[in-house]
Amino acid sequence: MTSDFYTNIFDVVRLIPTGRATSYGAIAKYLGAAKSSRVVGWAMNQSHTLKDKIPAHRVVNRLGMLSGKMHFETPNTMKERLESEGIKVKKDQIKNWKTVFWDPNIELDFD
DNA sequence: CTCTTGACTGGTT
DNA sequence: GAACCAGCCAAGA
């Protein structure tokens, strides 16, 4: 079912370990839709309407920038939560992005 | 049904 | 290296 795509997105986001973060493209690629990264972002937009809130703050663009911070309760919520998990954020951009980057394609691996 | 917009990405210029 | 262009898919007007 097509709905699984959204379900998978939320599922992967929930699997993101604390103190880590990933990108929309990484999730999309893991789901086999690398070109549908925009849909991942759209899914995040829908996430706030879900009963089970997901750690969308752990999902940023490929540059590690808090591109969707403005969609949270407040533009500061995303940064606050990330720093609360030990992720350093400088000027809306995650520091040591390469280090905190959690790639489902590698961490979860393909079965 | 058509057109626009968007929490993206990769390739060109 | 910044700016611009094209591709992809879903939702809202």
Side-chain angles (χ1 to χ4, degrees):
Chain A
M1 331 171 219
T2 55
S3 305
D4 282 346
F5 187 64
Y6 270 48
T7 304
N8 290 331
I9 293 173
F10 302 134
D11 188 46
V12 173
V13 174
R14 291 196 188 94
L15 292 175
I16 302 174
T18 304
R20 300 288 186 192
T22 190
S23 65
Y24 306 95
I27 297 174
K29 186 174 185 178
Y30 177 71
L31 299 178
K35 304 301 175 67
S36 305
S37 47
R38 302 188 107 142
V39 181
V40 178
W42 202 259
M44 296 298 95
N45 199 352
Q46 303 298 307
S47 70
H48 88 97
T49 66
L50 300 176
K51 291 184 177 181
D52 272 340
K53 302 299 178 56
I54 65 178
H57 58 276
R58 295 183 191 151
V59 184
V60 296
N61 66 359
R62 73 179 183 93
L63 301 178
M65 300 179 74
L66 313 187
S67 50
K69 64 169 191 168
M70 56 185 75
H71 291 271
F72 283 79
E73 300 176 47
T74 72
N76 207 42
T77 305
M78 193 171 188
K79 181 179 177 181
E80 290 286 307
R81 290 186 178 180
L82 287 173
E83 294 192 323
S84 181
E85 297 183 354
I87 298 177
K88 304 302 182 197
V89 179
K90 180 69 173 183
K91 294 177 68 66
D92 301 335
Q93 185 171 7
I94 297 177
K95 303 190 70 169
N96 305 319
W97 173 228
K98 285 172 26 178
T99 305
V100 302
F101 182 50
W102 182 82
D103 191 347
N105 298 286
I106 299 176
E107 305 296 335
L108 298 181
D109 203 349
F110 293 101
D111 193 347

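Quick note on labels: first sequence line is chain A, next is B, and so on, each numbered from 1. None of the values given here were measured: they were computed from a predicted structure.
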Enumerate the protein-to-nucleotides 2-5 of chain C contacts in which both atoms are nitrogen or oxygen and the separation is below 3.5 Å.
none

TODO: Please report, rounded to the nearest Å, how far the P atom of B:dT9 is from the CG atom of A:N105.
DONE: 13 Å

Task: Nearest non-hydrogen partners of A:F5 and A:S36, listed with the distance - done: CZ-CB, 4.2 Å

TODO: Could I get the full list of side chain to side chain contact (heavy atoms under 4.5 Å, CB included) partners for A:P17, not counting sequence neighbours?
DONE: A:R20, A:W102

- [ ] Output all residues satisfying side chain to side chain contact (heavy atoms under 4.5 Å, CB included) with A:A43, sequence neighbours left out; order by chain, then residue number.
- [x] A:Y6, A:I9, A:F10

TODO: Each residue besides A:M70 in its hydrophobic cluster should be listed here, by chain and number; the cluster joins Ile, Leu, Val, Met, Phe, Trp and Tyr at side-chain heavy-atom distances under 4.5 Å.
DONE: none

- [ ] Sequence neighbours left out, what pairs pass side chain to side chain donor-acceptor pair (under 3.5 Å) with at least one residue falling in residues 86-96 of chain A?
- [x] A:K69-A:D92

Open item on the list: What is the separation between atom CZ on A:F101 and atom P on B:dT9, rounded to the nearest whole Å?
Closed with: 9 Å

- [ ] Quickly work out the A:L31 CG to C:dC9 P distance and round it to whole Å.
- [x] 13 Å

Task: Nucleotide C:dC9, atom P - distance to CD1 of A:I27 in whole Å - done: 17 Å

TODO: Mind jotting down which residue pairs meet the ring pair (Phe, Tyr, Trp, His ring centres under 6.0 Å) criterion with at least one end in residues 70-98 of chain A? Sequence neighbours excluded, please.
DONE: A:W97-A:F101

TODO: For A:D11, check side chain to side chain contact (heavy atoms under 4.5 Å, CB included) against everything at least two apart and list the hits.
DONE: A:L15

Task: Under the salt bridge (Lys or Arg N to Asp or Glu O under 4.0 Å) test, residues paired with A:R81 that sit two or more places apart - done: A:E73

- [ ] Tell me which residues in residues 36-53 of chain A put a heavy atom below 4.0 Å from DNA chain C, sorted by number, or none.
- [x] A:S36, A:R38, A:V39, A:W42

- [ ] Could you check how far CD1 of A:I9 sits from P of B:dA7, rounded to whole Å?
- [x] 15 Å

Task: Rounded interatomic separation in angstrom, taking NZ from A:K35 and C1' from C:dG7 - done: 7 Å

Task: Residue list, ring-ring contact (aromatic ring centres under 6.0 Å, His included) with A:W42, at least two apart or on another chain - done: none

- [ ] May I ask you to list the residues of residues 58-78 of chain A, by number, that have any heavy atom positioned under 4.0 Å from an atom of DNA chain B?
- [x] A:N61, A:R62, A:S67, A:G68, A:H71, A:F72

Task: Minimal non-hydrogen separation, A:T22 against A:P104, with atom names - done: OG1-CD, 3.6 Å

Sequence neighbours left out, cut at 3.5 Å: what donor-acceptor pairs do the side chains of residues 53-61 of chain A make with other protein atoms?
unit_1: A:H57; atom_1: NE2; unit_2: A:E85; atom_2: OE2; d: 2.9
unit_1: A:R58; atom_1: NE; unit_2: A:E85; atom_2: OE1; d: 2.9
unit_1: A:R58; atom_1: NE; unit_2: A:E85; atom_2: OE2; d: 3.2
unit_1: A:R58; atom_1: NH1; unit_2: A:I16; atom_2: O; d: 2.6
unit_1: A:R58; atom_1: NH2; unit_2: A:T18; atom_2: OG1; d: 3.4
unit_1: A:R58; atom_1: NH2; unit_2: A:E85; atom_2: OE2; d: 2.9
unit_1: A:N61; atom_1: OD1; unit_2: A:L63; atom_2: N; d: 3.2
unit_1: A:N61; atom_1: OD1; unit_2: A:G64; atom_2: N; d: 3.1
unit_1: A:N61; atom_1: OD1; unit_2: A:M65; atom_2: N; d: 2.8

